[in-house]
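Quick note on labels: first sequence line is chain A, next is B, and so on, each numbered from 1.
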Protein chains: 2
Amino acid sequence: MAMTRQRIRNMEEFAAISGISRPTVSKYFHDPESVRPSSRQRIEAALERYDYRPNVFAMNQNRKLTKNVGIVVPYLTDPFFAEIARTIEMRCVEAGFQPSLFSGYGSPEQEVAILDTLRSLKPAGVLLAPLGRASDKRAIERFCAEVPTVLFDSNMEGIGEAFVGSDNFSFVMQTVEYLCRTGEPPSFFEMKNPANPNANKRRAAYLTMMERQGIEPHIIQIDGTGWAFEEIGKQGALKVLAEKGLRTDTILCSNDRLAIGFLVGAFELGLKVGRSKGCNLRLASHDDHPFSRFTCPPLTTAAHDYASVSEGAVKTLIDLIEAGGKLPNRTEIVYPARLIMRESA
Amino acid sequence: MAMTRQRIRNMEEFAAISGISRPTVSKYFHDPESVRPSSRQRIEAALERYDYRPNVFAMNQNRKLTKNVGIVVPYLTDPFFAEIARTIEMRCVEAGFQPSLFSGYGSPEQEVAILDTLRSLKPAGVLLAPLGRASDKRAIERFCAEVPTVLFDSNMEGIGEAFVGSDNFSFVMQTVEYLCRTGEPPSFFEMKNPANPNANKRRAAYLTMMERQGIEPHIIQIDGTGWAFEEIGKQGALKVLAEKGLRTDTILCSNDRLAIGFLVGAFELGLKVGRSKGCNLRLASHDDHPFSRFTCPPLTTAAHDYASVSEGAVKTLIDLIEAGGKLPNRTEIVYPARLIMRESA
DNA sequence: TTCTTTATTTTACGCGCGTCAAAAAAGAAA
DNA sequence: TTTCTTTTTTGACGCGCGTAAAATAAAGAA
């Protein structure tokens, strides 16, 4: 029990109390094995009596290589990003780094403000999931030139030392193949102006897949801006269903959040979604959003390999850091999706 | 366009370039109005040519009162906390503070680690939503004694300078009253060992409300630990419904996440939830979780006054900071809930 | 026991900036 | 123009810690 007989203000005070010089104490905190056992004992004895922890930010002030890692996501309120941020954070901690999490909540200005703050943090490296189209590319490029950065989730050509994400084609390939095999071919449901580059790749993949199967593609693009995807999906569904704008009974949403909204729209109109008999619609989607298993019906979707992406991203970043911040050539790692069949399709 | 002809490393370099002494530049960044117009012009001219930003962490190193604010939530992957963190963050930025967001993801050890990191940040104040029962009360108490802290969402008696949250009784009062008035009285559905103190208050409120109406209360407590409330709710629903453990057709969940799980369980068993004719169950809940309007059917729930809570928390913290970190007596502000009638009940 | 060699510790300085007291400049009054 | 005030600016030091080089202690060889 580290009792506080007296508050220790800094390493100097703590060193005085433990009877060791401050630099040695500093070495101890950097690596307890690096000091003589006798010193170590005295330090640890003092640590028992007075609880003291070095100031992380003062540590990084003058350190060549810090243990800080910045994690930047576009929108933390989206459980998809929250979940991937969580796993990445935990892996960073396991690897002995101290992660700091940031979200710009959809604002490009906030995004560059975060990068500026991050510079002050002198991170050993940064894991950045950029906003996408709305991002200030110049600012991000400049940042990546200064700080070892690995992009994840959404790629920006040539920016950052590496990219780790999911293989969008693999997502769409599996869902389209599954839907075509087990029923009518799907229409593709998406936002007209998606902010995220993955959306474009998924559309392209849909077109390719339909062409391969010799089926005329059908894309439904709905209006809406911002990050309220569920609401956008719902409104889109109400509109499309009212206009009878469907060609088949099967819909493939670009992502789960749109699908979640679509489900509500369909529900409101009294339509039954599912693959069983008596259902009016089949609905599938992509991402395996944390909530997609708790919708009614649960969503059939192509799942990110969350574990691999987060592990891969952190591993790539650590390699990058150990390589001194530069990689011989920009690597792109993408993990395939896994089809998850639930009730909705 | 701040072009970088030459990277500015620190304020010294920047001061040299702009032809002003460093301390004056420092003053400028603290308050541009505080320096002579001629100096200001020269600084801003230099700012146009060389983009430089002071190191935030070095700034705070030696500052009497920083502009840092720490925000700590128990589980950021829960959209409820993500949403409240987002609004709080934005209000802090508006008020001229720099928020840093932390989540312990349910781990008490992580929670105290975060508090230790926060000490290093020398925050002007901290907004803390503690884990609850699992928290290391001693550690939190010590922290609050050192750093001006306002608790939010979940209260801990006597800890922190103030508490801002929602009035649990108001939540339950409204849902119980509504359910009783429009149909059969509800059974109360909750976890057996809730980690969050709000859960206990809600149970107590349910008992009080039922007593007032002269109706025998009926509480269903389900097993489960951790933060996977939806799954717990689903399993609980499957069990309760299979055992026909309901007394009426109406269920009131302690919180929306349990309710979301309950909905899936009911769906799986082919039960229709809703207030319209032909439905088997009515289900209501508390929180107005961001997803509760996108469930099928959308959830009837008592909504947190998100805006008031976040505004009140930030305002209280700023008052606390301006009062020098101590308030004459510990204040507790709770905002009433607002009943939101949707399809589920 | 004495001299090397090597492992530790200490000395001294730096990181990027805040802040106070002293000095200089600007402005007002004479 | 000179003198006195009132800003501004600047010099000097400190924050809490990292780190290279110098000094010391421990260990081994002679």
Visitor: Considering heavy-atom distances to DNA chain C, does Arg40(A) or Arg9(B) have its closest nucleotide positioned more toward the 5' end?
Guide: Arg40(A)

Visitor: Considering heavy-atom distances to DNA chain D, does Ala58(B) or Val35(B) have its closest nucleotide positioned more toward the 5' end?
Guide: Val35(B)

Visitor: Between atom NZ in Lys122(B) and atom P in dC17(C), what is the gap in whole Å?
Guide: 15 Å

Visitor: Ignoring the backbone of Pro23(B), work out which of dG16(C), dT9(D), dG11(D) is nearest its side chain.
Guide: dG11(D)

Visitor: Ignoring hydrogens and angles, state whether a donor on the side chain of Tyr105(B) or Glu89(A) is under 3.5 Å from an acceptor on the partner side chain.
Guide: yes

Visitor: Find the distance Met59(A):CE to dG16(C):P and express it as a whole number of Å.
Guide: 17 Å

Visitor: Using whole Å, what does the distance between atom P of nucleotide dG16(D) and atom CZ of Arg63(A) come to?
Guide: 18 Å

Visitor: Would you indicate what Tyr52(B) reaches in the nucleic acid, counting non-hydrogen atoms under 4.0 angstrom: base, sugar-phosphate, or nothing?
Guide: sugar-phosphate

Visitor: Rounded to the nearest Å, what distance is computed from the CG atom of residue Asn60(B) to the P atom of nucleotide dT19(C)?
Guide: 10 Å

Visitor: Between the base of dG18(C) and the side chain of Asn62(B), is one N or O donor paired with an acceptor at under 3.5 angstrom?
Guide: yes

Visitor: Taking atom CD as the centre, does Glu332(A) end up with more than 12 heavy-atom neighbours from other residues, nucleotides or ligands that are less than 6.0 angstrom away?
Guide: yes

Visitor: From the list dC15(D), dC17(C), dT9(C), which nucleotide is the closest neighbour of the side chain of Gln61(B)?
Guide: dC15(D)

Visitor: Using the side-chain heavy atoms of Ser21(B), tell me which of these nucleotides is nearest: dG16(C), dT10(D), dC17(D).
Guide: dT10(D)

Visitor: Any idea which heavy atoms bring Ser107(B) and Leu131(B) closest together, and the distance?
Guide: C-CD1, 3.7 Å

Visitor: Looking at Pro108(A) and Gly106(A), what are the two nearest heavy atoms and their distance?
Guide: CD-O, 3.4 Å

Visitor: Counting side-chain heavy atoms from C-beta on, which of dG18(D), dT10(C), dG18(C) comes nearest to Arg22(A)?
Guide: dG18(D)

Visitor: To the nearest Å, how far apart are Asp31(A) CG and dA7(C) P?
Guide: 15 Å

Visitor: Answer with base, sugar-phosphate or nothing: what part of the nucleic acid does Pro54(A) contact at a heavy-atom distance below 4.0 Å?
Guide: sugar-phosphate

Visitor: Identify which nucleotide among dT19(C), dC17(D), dC15(D) has an atom closest to any side-chain atom of Ser26(B), counting heavy atoms from C-beta outward.
Guide: dT19(C)

Visitor: From the set dT8(C), dG16(D), dT10(C), return the single nucleotide nearest to any side-chain atom of Ile20(A).
Guide: dT10(C)

Visitor: Taking atom C1' of dC17(D) as reference, at what distance in whole Å does atom CD1 of Ile8(A) sit?
Guide: 16 Å

Visitor: Between P on dG16(C) and CG on Leu121(A), what's the gap in Å once rounded to a whole number?
Guide: 14 Å

Visitor: Is Arg86(B) salt-bridged to Glu83(B), going by a charged N under 4.0 Å from an acidic O?
Guide: yes

Visitor: Can you check the His30(A) NE2 to dT9(C) C1' distance for me, whole Å?
Guide: 17 Å

Visitor: Where the side chain of Ser39(B) is concerned, which of dT9(D), dC17(D), dT19(D) is the nearest nucleotide?
Guide: dT9(D)

